[in-house]
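Note on naming: letters A, B, ... go to the chains in the order of the sequence lines (proteins, then strands), and numbering restarts at 1 for each one.
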Protein chains: 2
Amino acid sequence: MRRLPLFAPVDEETFRRLTATAFLQKFPAGADLLTEGDPVDFLYILLDGSIELSGTWNDKETTLAVLGPVSTFILAAVILDAPATMNARTIGWSDILMIPGAALRAAIEEDVRFSSAVALELSGCYQGLVRAIKNQKLRGGLERLANYLLAQQSRQGGGPTLTLPYEKRFVASLLGMSPENLSRAFSSLQDYGVIVDGPQVTITRPAVLERLAKPDPLIDKHLPTDAILISKADRERNLQLGAHRAAPLSGTV
Amino acid sequence: MRRLPLFAPVDEETFRRLTATAFLQKFPAGADLLTEGDPVDFLYILLDGSIELSGTWNDKETTLAVLGPVSTFILAAVILDAPATMNARTIGWSDILMIPGAALRAAIEEDVRFSSAVALELSGCYQGLVRAIKNQKLRGGLERLANYLLAQQSRQGGGPTLTLPYEKRFVASLLGMSPENLSRAFSSLQDYGVIVDGPQVTITRPAVLERLAKPDPLIDKHLPTDAILISKADRERNLQLGAHRAAPLSGTV
DNA sequence: CGCTCGGTTGACCTAACTCAACTTGTGTGG
DNA sequence: CCACACAAGTTGAGTTAGGTCAACCGAGCG
């Protein structure tokens, strides 16, 4: 925990106060961590697993981001002590560190080192959102997918073949398209030397794919943690999550 | 300046240091304040006028936000000392306060009161972006316009008739649609009791319009400064801005 | 007087969503 | 061990929101 950039520079004293009330919890896949409009009592830090942030209005839902370890989320809402502006749900089993909001806000007002670390972290989140919006609005679906594949490739060591980190439907959500559309996009990419076999994707002609993708450092910035991307298409959601909702949240310190 | 929430709580000492190197400048309409990828040397604070933030990729441009007074912008980039992720251009004559980035970063590291004010400000910007994305992705053009009109109405005192603060094309950009589309949207709104006469818009049946708009506090939060919205449609931009580019920047202290 | 620019209107086009059918792989109960 | 059920993914056909292009109008201005 001390190794997180958010806490690394912090005073020993405030660190102790923050951790005193913090705890670690494991969540199963599909657990709803919070819902729009809820008061936000904790800052969440995703240590392992992945989580999806979404927004809803008028029975439609859209994915705002999919996070991987290590990421903080809803920092802004905690600082403002405002209701959550998004829903958070685990995608796979996730280890999450939870820090009470009151302690966090107190620490911000007392320790310069902490509050400037928070400012840096927030700035990073902000820039991530901006990148996500640009990715979403300036590129078409094919281009988004191409860039995503290139990003995954470099993150997984640069070899010609990569493994999709989630099920395809989550990738679709992440890229702002319907699963059907993702499927079609993949088959369109055959023309650019992309071969898909289940979750394995191999890029046979990187140069060609890159000419399509036109990656841009201002959009595809080397992601410090994991993809903080935008998107997903409007979709009616029938809230048939009963099974998941009821899933017991096995807690641990 | 002391009355800005960002500086109100700050130490007299750091306030002096910040203002020592700061200056105020007037810009004409259409002035490019900064361009994507530029190093960011100043924090900008818009005191009067309005400015448009946009992003580009592959010769397409999209409006990310339109700000009114009083708003800070590119705070995140200044804090990270990173290249700008968006373009900024004045829409009308604008008074802008500029604070050197180095001084600002120094102040953050030294004065808790300032760095926690920065954290609050950044959180607000972040939430604004999130709202903008939800507005953009979950609502259709008609709904966005309807909500925009209602928001303007309440900001202008609640009377049945309101005045559009910018030319319609900027409103279109702000709402993420082409000017043509905005025009059509306005005429569709006739069915909901909206009468348009140049920049004057009167809402004859608020209840009807509201049933269409379904305003939501999580999206249409009472904006502290001015609209921080998203959008604009992809558009080829032929960079025929010569006239504006060349416009002299009449500087003043 | 005629230019330009913002706005409007109409015809057309395209990306992306929806719905529905079909395939395949995986796990469960008989 | 097999049959069935279910979920993910794919494929195809139809729909739609929204953008593009082009023509047109009216106001301001040299």
Side-chain angles (χ1 to χ4, degrees), chain A residues 29-30 58-63 91-92 136-146 164-190 194-201 212 230-238 240-244, chain B residues 29-30 59-63 91-92 135-146 164 166-190 194-201 212 230-238 240-241 243-244:
Chain A
N58 201 21
D59 294 326
K60 290 197 289 193
E61 170 160 6
T62 189
T63 297
I91 288 183
Q136 176 67 24
K137 299 199 60 191
L138 292 170
R139 311 219 254 225
L142 247 195
E143 295 160 333
R144 286 200 296 277
L145 176 56
L164 297 176
Y166 327 103
E167 291 176 3
K168 289 213 183 83
R169 63 198 169 109
F170 287 115
V171 175
S173 174
L174 179 69
L175 293 174
M177 48 177 97
S178 61
E180 296 95 322
N181 221 339
L182 175 65
S183 197
R184 292 184 238 276
F186 267 124
S187 55
S188 299
L189 283 187
Q190 284 177 20
V194 172
I195 301 171
V196 182
D197 175 34
Q200 305 290 325
V201 178
L212 169 66
I230 270 245
S231 68
K232 181 43 199 64
D234 315 349
R235 171 185 298 181
E236 207 85 18
R237 177 167 290 260
N238 309 1
Q240 76 298 39
L241 316 165
H244 289 146
Chain B
D59 294 325
K60 290 197 289 191
E61 169 159 8
T62 190
T63 297
I91 288 183
N135 187 38
Q136 176 66 25
K137 298 199 60 188
L138 292 168
R139 311 218 253 226
L142 247 195
E143 295 158 335
R144 285 200 297 278
L145 177 56
L164 298 176
Y166 326 104
E167 290 177 1
K168 289 213 183 84
R169 63 198 169 109
F170 288 115
V171 175
S173 173
L174 179 70
L175 293 173
M177 49 177 95
S178 59
E180 295 96 321
N181 222 337
L182 175 64
S183 197
R184 294 185 235 277
F186 266 124
S187 56
S188 298
L189 283 187
Q190 285 177 19
V194 173
I195 301 171
V196 182
D197 175 33
Q200 305 290 324
V201 179
L212 168 66
I230 270 247
S231 67
K232 178 43 199 64
D234 313 353
R235 169 184 300 181
E236 207 85 18
R237 177 167 289 258
N238 309 3
Q240 77 299 39
L241 315 166
H244 288 146

Would you mind reading off the distance between [X] atom [atom1] and [N] atom [atom2], rounded to a whole angstrom?
X	N	atom1	atom2	value
Phe186(B)	dG6(C)	CZ	P	17 Å
Leu182(B)	dT20(D)	CG	C1'	16 Å
Tyr166(A)	dA7(D)	OH	C1'	21 Å
Lys168(A)	dA8(D)	NZ	C1'	9 Å
Lys137(A)	dA15(C)	NZ	P	18 Å
Asp59(A)	dT18(C)	CG	C1'	17 Å
Leu145(B)	dT8(C)	CG	P	11 Å
Arg169(B)	dG19(D)	CZ	C1'	18 Å

With a 4.5 Å limit on heavy-atom distance, are the side chains of [X] and [Y] in contact?
X	Y	value
Leu145(A)	Leu182(A)	yes
Leu164(B)	Phe170(B)	no
Gln136(A)	Arg144(A)	yes

Determine, for nucleotides 21-30 of chain D in 5'-to-3' order, which nucleotides have protein heavy atoms under 4.0 Å from the base (write B), from only the sugar-phosphate (write S), or from neither (write -). B---------
Asn181(A) side chain N/O closer than 4.0 Å to the phosphate oxygens (OP1, OP2) of dC17(C)?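 Checking Asn181(A) against dC17(C): at least one side-chain N or O falls below 4.0 Å of OP1 or OP2.
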Taking only side-chain N and O atoms of Ser178(B), does any of them lie within less than 4.0 angstrom of OP1 or OP2 on dG18(D)?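 No, Ser178(B) has no side-chain N/O under 4.0 Å of OP1/OP2 on dG18(D).
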List the atom of Val201(A), the atom of Phe186(A), and the distance in Å for their closest heavy-atom pair.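 Answer, listing the atom of Val201(A) first, then Phe186(A): CG2-CE2, 4.3 Å.
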How far apart are the C-alpha atoms of Leu212(A) and Leu189(A), what are their side-chain angles, what is the distance that settles it, and do they pass the side-chain contact (heavy atoms from CB on, under 4.5 Å) test? CA-CA 10 Å; Leu212(A) 169 66; Leu189(A) 283 187; 3.7 Å; yes
Enter the distance from Ile91(B):CD1 to Arg169(B):CZ here, rounded to the nearest 0.5 Å.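 Ile91(B) CD1 to Arg169(B) CZ: 9.0 Å, rounded to 0.5 Å.
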